[in-house]
Amino acid sequence: HHHLVKIENKWYKSEKVIYSFNYGSQWNNRKEFDVRRGDRSNKASLSLNQLTHFIESTVHKEYSDEWHLKSGIQVNIVNNENAPGTGILPLIPNYTSSKPSGYAIVEKITDRWRLETGIRLDYNFLHVASINRSTSNLVERFKHQFVNFNGAAGGKYDLNHAIKLSYNIGYALRSPEVNELYSAGLHQGVSGIEEGNRQLNIEKSVKNILTIDVNFDQRV
């Protein structure tokens, strides 16, 4: 079951300045089943409740017909709790995740050129309550903190009515997800055994994309 509430609001201060505020909240009640011994096949092997909050505030400003700025802040909060009574240790532990972020994007637009550059900074605070897989089944608590910086730049050029060229380069940091850190056991949804590693660190990547668009319906 998924229940979603979403609010969107825009305020046009002027023709060149637009503010927006968005809020979304989603509650997920997820259950996965498996063929189990005895009369337990009707009892969920995985049962969790997850509550997510997303808040975003942005400003879009046109300094001229060519120069545009879009910036904003975001906060994403997730609270995940496993429902008791499955008879199986949970695949993913109970956790709370808080991700505040900020970003800025600058655009320059001309008749043929569209240039864009942007930066983004993300903080990820993760609190986990995991059950030790030993015979003691003790609850262990862990804290993780990641800082991710992302930057990108690119441009698009209209060579003519039929051909468009674009190039983008981006540098990104990605922190590990909870399932990559703490999964332990059978995941019924994918029919596979998952084993996390809480020693995982931030993943770094550089991506280059060169694109040529040709519209054969247009004359060169």
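Computed from a predicted structure; not experimentally measured.
- Considering only residues two or more places apart in sequence or on other chains, D111 meets the salt bridge (Lys or Arg N to Asp or Glu O under 4.0 Å) condition with none of them.
- Residue pairs meeting the salt bridge (Lys or Arg N to Asp or Glu O under 4.0 Å) criterion with at least one member in residues 162-174, sequence neighbours excluded, are R174-E180, R174-E203.
- If you take CG on N76 and OG on S101, they are separated by 8.0 Å, rounding to the nearest 0.5 Å.
- In this structure the side chain of Y167 never reaches within 4.5 angstrom of the side chain of T211, judged on heavy atoms.
- For the atom pair S183 OG and E177 CD, the distance stands at 10.5 Å (nearest 0.5 Å).
- Residues P176 and N201 fail the side-chain proximity criterion, which asks for heavy atoms closer than 4.5 Å.
- Closest approach of A153 to T117, counting heavy atoms only: CB-OG1, 4.0 Å.
- The distance from atom CG of L126 to atom CG of L181, rounded to the nearest 0.5 Å, is 6.5 Å.
- Evaluation of the salt bridge (Lys or Arg N to Asp or Glu O under 4.0 Å) test over residues 139-162, restricted to residues two or more places apart or in two chains, returns none.
- Within a 6.0 Å radius of NZ in K16, other residues, nucleotides and ligands contribute more than 12 heavy atoms.
- Inter-residue side-chain proximity for L159 and Y157 is flagged as met; some heavy-atom pair is nearer than 4.5 Å.
- In this structure, the side chain of N168 does not engage the main chain of L210 through any donor-acceptor pair within 3.5 Å.
- Residues satisfying the side chain to side chain donor-acceptor pair (under 3.5 Å) criterion with S130, sequence neighbours excluded, are absent altogether.
- Between H60 and H68 the shortest side-chain heavy-atom distance falls below 4.5 Å.
- With contacts defined as side-chain heavy-atom distances shorter than 4.5 Å, the pair Y123/S98 does not qualify.
- Dense packing is recorded around CG of N208, with more than 12 heavy atoms of other residues, nucleotides or ligands lying under 6.0 Å away.
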Taking it one step at a time, do S97 and N124 satisfy side-chain contact (heavy atoms from CB on, under 4.5 Å)? CA-CA 7 Å; S97 172; N124 188 356; 3.6 Å; yes

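- Residues P93 and V178 approach most closely at CD-CG1, 4.5 Å, considering heavy atoms.
- Within the structure, salt bridge (Lys or Arg N to Asp or Glu O under 4.0 Å) contacts touching residues 112-123 (residues at least two apart or in different chains) are E107-R114, R120-D122.
- Residues passing the side chain to side chain contact (heavy atoms under 4.5 Å, CB included) test with A152: none are found, sequence neighbours excluded.
- Scanning for salt bridge (Lys or Arg N to Asp or Glu O under 4.0 Å) contacts around E15 gives an empty result, with sequence neighbours left out.
- To the nearest 0.5 Å, atom OG1 of residue T96 and atom CG of residue N79 are 4.0 Å apart.
- Residues that satisfy the salt bridge (Lys or Arg N to Asp or Glu O under 4.0 Å) test with E81, not counting sequence neighbours, are absent from this structure.
- The environment of NE2 in H3 is crowded: more than 12 heavy-atom neighbours from other residues, nucleotides or ligands sit within 6.0 Å.
- Of all heavy-atom pairs spanning H144 and R198, the tightest one is CE1-O, 3.6 Å.
- For the atom pair OG (S47) and NZ (K31), the distance works out to 5.0 Å, reported to the nearest 0.5 Å.
- Clustering ILVMFWY residues whenever any of their side-chain heavy atoms sit less than 4.5 angstrom apart, transitively, puts V206 in the very cluster that holds I119.
- Taking each heavy atom of L115 and G155 in turn, the nearest pair found is CD2-CA, 3.8 Å.
- Scored by the side chain to side chain contact (heavy atoms under 4.5 Å, CB included) test, L4 finds Q26 as partners (sequence neighbours excluded).
- Between I92 and N179, the closest heavy-atom pair is CD1-CB, 4.2 Å.
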Stepwise salt bridge (charged side-chain N to carboxylate O under 4.0 Å, His left out) check, E8 with K6: CA-CA 7 Å; E8 295 183 352; K6 188 174 183 180; 3.2 Å; yes

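- Taking CZ from F146 and CG from L200, the interatomic distance works out to 8.0 Å, rounded to the nearest 0.5 Å.
- In this structure the side chain of I163 never reaches within 4.5 angstrom of the side chain of D213, judged on heavy atoms.
- Among pairs with a residue in residues 85-96, none fulfils salt bridge (Lys or Arg N to Asp or Glu O under 4.0 Å), at least two apart in sequence or across chains.
- Criterion: ILVMFWY side-chain heavy atoms under 4.5 Å apart, direct or through other members. Under it, V75 and V78 are not part of a common hydrophobic cluster.
- Between V147 and L173, the shortest heavy-atom distance links the atoms O-CD1, 4.2 Å.
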Yes or no on side-chain contact (heavy atoms from CB on, under 4.5 Å) for I105 and L69, after CA distance, side-chain angles and deciding distance? CA-CA 6 Å; I105 301 170; L69 170 66; over 6 Å; no

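- Between F142 and Y182, the gap from one ring centroid to the other is short of 6.0 Å.
- For the pair N28 (side chain) and R30 (backbone), a donor-acceptor distance under 3.5 Å is absent.
- For K108, the salt bridge (Lys or Arg N to Asp or Glu O under 4.0 Å) partners two or more places apart in sequence, or in a different chain, are E66.
- In this structure, the side chains of K207 and Y171 stay at 4.5 Å or more apart for every pair of heavy atoms.
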Output side-chain donor-acceptor pairs under 3.5 Å for residues 49-57, partner residues at least two apart or in another chain, one line each.
unit_1, atom_1, unit_2, atom_2, d
N49, OD1, N29, ND2, 2.8
Q50, NE2, N80, OD1, 3.1
Q50, NE2, Y95, OH, 3.3
H53, ND1, Y23, OH, 2.9
E56, OE1, N22, ND2, 3.1
E56, OE2, Q74, NE2, 2.7
E56, OE2, Y103, OH, 3.4

